[in-house]
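Each remark here refers to the structure printed beneath this line.
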Number of protein chains: 2
Amino acid sequence: MRKRKGAGRPTIADVANKAGVSTITVSRALRDPAMVSDHLRRKINNAVRKLNYVPHSHASALASTRSNIIGVIVPSLTNNVFAESLRAIYDAFGQGAFQVQLGNSRYVPAEEERLVRTFLGQRPSAMIVAGTDQTDVTRQLLENAECPVVQIMDVGDDPIDMIVGFSHFEGGKAAGVHLVQQGYKRIGFLGARMDPRSYRRLEGFKEALQFGGRYDPDLIMTTTVSSSVSLGAELIAQFCARRPDLDAVFCNNDDMALGALFGCQKAGLSIPDDIGIIGFNDLEMMAAAHPSLTSIRTDRYAIGRHAVEMIQSVLSGETPDKKIVDLGFELQVRQSTSRAK
Amino acid sequence: MRKRKGAGRPTIADVANKAGVSTITVSRALRDPAMVSDHLRRKINNAVRKLNYVPHSHASALASTRSNIIGVIVPSLTNNVFAESLRAIYDAFGQGAFQVQLGNSRYVPAEEERLVRTFLGQRPSAMIVAGTDQTDVTRQLLENAECPVVQIMDVGDDPIDMIVGFSHFEGGKAAGVHLVQQGYKRIGFLGARMDPRSYRRLEGFKEALQFGGRYDPDLIMTTTVSSSVSLGAELIAQFCARRPDLDAVFCNNDDMALGALFGCQKAGLSIPDDIGIIGFNDLEMMAAAHPSLTSIRTDRYAIGRHAVEMIQSVLSGETPDKKIVDLGFELQVRQSTSRAK
DNA sequence: GTTTGCGATGTTAGCGCTAACATAATGTTA
DNA sequence: TAACATTATGTTAGCGCTAACATCGCAAAC
């Protein structure tokens, strides 16, 4: 007679035994207390407490052929932009029956593919992935996933399933248009960690400058290094050294913009008169800076919340109104680009 | 004859069938390819690819009575301090066989308790929780968890199991000592989101000031509102208005310190001569700021990495050298407290 | 008093995988 | 050549839970 050991922890059968009922009654009492009479429910709850019983979610997932897991994959944990969307997702799902499972792809598509594979192994109730730049295999895996999939932080005509975000191209364009309108002449781009979204911002920016007759390819400075405030300060110094005539710069994110501000201050340049600065995302600090920093405001929290709403509507059997949601952006003009013309 | 539907996805049996082997051989080929001959392994891999088979991790967890889940609970997703430790944890566990499951307690102990309960339902391989301020019930749950538990971001004599971090009391004290030594006379404390760790910093700070004969309870300004750069700017303005004689301030974190810098600049105060500023954690931006900001440097990434190492050593059957690891901190003196005395 | 309906509870058979043992196929040694 | 390792693969019985059907008790309806 061979026997397997199990984990030694109390099982639903132990609870049923102690309460003098069948296992299914315990199962029901825990999942939907209304299905069980007061009398038994009380006995069961007592037994649960006495045995310190914790339901085994894997067994439950297996038996019910559905897990309560929501898989979320973002490219960075330290980038505040994703943290805000994540917070929205955790706020919305954290309370209820769902478990959020988070993956960090570190901006590496192959890593993302691996994570998608792992996550699908848990037969998640839904998946949320950042961006639209998945590998073909990742896309195919998600298309076959048999669960709602939401891409966030971007928009596009051809989502895997659903998508909510904004147009990085248009955001970059708005930044360019603004700098041209402010009368800046030699307008540069400063971009670190040039991920696909940053490239789209750059494309929109280029278009705006070309239209305004201010495009100069020599004023595009990019690197694949992670963005940071220090890097922004460093690069703007190099940039100004190489092109002392530079009079405005669009940074691909706010960390770089804040760094550019500090770098210019160190060099004795006055913002916005010597150099105008505009960032992207409008993190909270931008308004507080001195001088305050112009940025393209995006609502990352709303994106996360929206993604959750779309998922919940699909999971509850409804058809979502729209599969493609563009939440847009808003130019926040502040001191750093408000010079006397 | 009743039948359950299953999820419709290919199972290990489908793969076995297609490859003409038994299920256990497939199981072995996928878990430890070396256990299976080249010949069969190739056939199995082909079948896996053709069927798009993804192993069902719940079934695996149930059958093997162990899951590959590492539960991690932090109080905030947007606070960069935790993000750094998380990144270390994901870097270390993300590659291998483990899955990180993240929870956000939002600084609410009851929420943390709920999360611990949920996580233990997955029979995790290990748990990592932030801080030492769990409820009694949470503590007890974790003590009975039958898996390694690491508390991070703090130290203490009485860990649930293991702990790695640094002393917030000593950190606060070092900040206080530094300001006294620099010759500042009316030294204040500016604290937002006063969580237990911030209180310990404040206590250390108080002790330093008392010892230096500079303690004035009227110069302690705290709020439970979330910390942010804007809030730092706002509060320092109020603080200076109420106590124009304030000549130095210890902020309970770097966001507040950066905000204080901006607030002072707006008010036309010169840093460090009119007011000295010191932050806590030494986020990357502190060195880049203009003037650069003094802070207490803590190595959050190392804390996360260390926690993972402790767990891995326990999981591989070793006994870790130490159950309590103090990684310390380091005072980073910069321009914001370096005045001509 | 029998029938019908309905809510509460029970019985049974899996969900998809792997531990534990069993066996077949091959090499190794005296 | 027999006895014995050693390795590769298979068989069987669960892991702990819940879907699907079965039954029971009781009240309302006929």
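Below, chain A is the first sequence line, B the second, and so on; all start at residue 1.
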The helix from dG1(C)-dC30(D) to dA30(C)-dT1(D): angle between terminal helix axes, five bp per end, to the nearest 10 degrees, reads 40°
Options dT18(D), dC17(C), dC15(C), nucleotide nearest the side-chain atoms of S60(B)
dC17(C)
Qualifying residues under side-chain contact (heavy atoms from CB on, under 4.5 Å), relative to A13(A), sequence neighbours excluded
T11(A), T23(A)
Which part of the nucleic acid, if any, lies within contact of R28(B), taking any heavy atom under 4.0 Å across all strands shown: a base, the sugar-phosphate backbone alone, or nothing?
base
Under 3.5 Å, sequence neighbours excluded: what are the donor-acceptor pairs made by side chains of residues 319-327 of chain A?
unit_1  : atom_1 : unit_2  : atom_2 : d
K323(A) : NZ     : D161(A) : OD1    : 2.8
D326(A) : OD1    : G328(A) : N      : 2.8

NZ/NE/NH1/NH2 to OD/OE distance under 4.0 Å, D195(B) and R193(B):
no
Donor-acceptor pair, side chain of S67(A) and main chain of A61(A), under 3.5 angstrom
no
Quick note, salt bridge (charged side-chain N to carboxylate O under 4.0 Å, His left out) partners involving residues 75-99 of chain A, not counting sequence neighbours, are E84(A)-R87(A), D91(A)-R106(B)
Applying ring pair (Phe, Tyr, Trp, His ring centres under 6.0 Å), name anything that partners F93(A), two or more places apart in sequence or on another chain.
F98(A)
Gap between atoms NE2 and C1', on H58(A) and dG14(D) respectively (whole Å)
17 Å
Using the test salt bridge (charged side-chain N to carboxylate O under 4.0 Å, His left out), find all partners of R300(B) that sit at least two apart in sequence or belong to another chain.
none
Taking the side chain of S64(A) as heavy atoms from C-beta outward, which of dA20(C), dA19(D), dG10(C) is closest to it?
dA19(D)
Any idea which of dT11(D), dG14(C), dC17(C) is nearest the A63(A) side chain?
dG14(C)
Side-chain donor-acceptor pair present, Q151(A), Q134(A), cut-off under 3.5 Å
yes
Between dC17(D), dC17(C), dA19(D), spot the one nearest the side chain of Y53(B), thanks.
dC17(C)
Touch check for T11(B), heavy atoms < 4.0 angstrom, all strands: base, sugar-phosphate only, or nothing?
sugar-phosphate
Taking only residues at least two apart or on different chains, which pairs with a member in residues 132-145 of chain B satisfy salt bridge (charged side-chain N to carboxylate O under 4.0 Å, His left out)?
D133(B)-R200(B), R139(B)-E143(B), R139(B)-D158(B)
Please determine whether a side-chain nitrogen or oxygen atom of T25(A) lies at a distance below 4.0 Å from atom OP1 or OP2 of dG10(C).
yes
Return no unless some side-chain N or O of R31(A) is found under 4.0 Å from OP1 or OP2 of dA19(D).
yes
Would you please name every residue forming a ring pair (Phe, Tyr, Trp, His ring centres under 6.0 Å) with F166(A), sequence neighbours left out?
H168(A)
Review item, side-chain donor-acceptor pairs of residues 75-82 of chain A, under 3.5 Å, at least two apart:
unit_1 : atom_1 : unit_2 : atom_2 : d
S76(A) : OG     : T78(A) : N      : 3.2
S76(A) : OG     : N79(A) : N      : 3.0
N79(A) : OD1    : V81(A) : N      : 2.9
N80(A) : ND2    : T78(B) : O      : 3.4

Side-chain N or O of S27(B) closer than 4.0 Å to phosphate OP1/OP2 of dT18(C):
yes
If you only use heavy atoms from C-beta on, which nucleotide in dT9(D), dT9(C), dG16(D) is closest to the side chain of V36(A)?
dT9(C)
What residues 37-52 of chain B contributes to the DNA chain C interface at heavy-atom separation below 4.0 Å is none
Toward the 5' end of DNA chain C, which comes first, M35(A) or H56(B), by nearest nucleotide?
M35(A)
At a heavy-atom distance below 4.0 Å, what parts of residues 12-21 of chain A sit against DNA chain C?
V21(A)
Do any pairs count as a salt bridge (charged side-chain N to carboxylate O under 4.0 Å, His left out) and have a residue in residues 19-38 of chain B, sequence neighbours left out, and if so which ones?
D38(B)-R41(B)
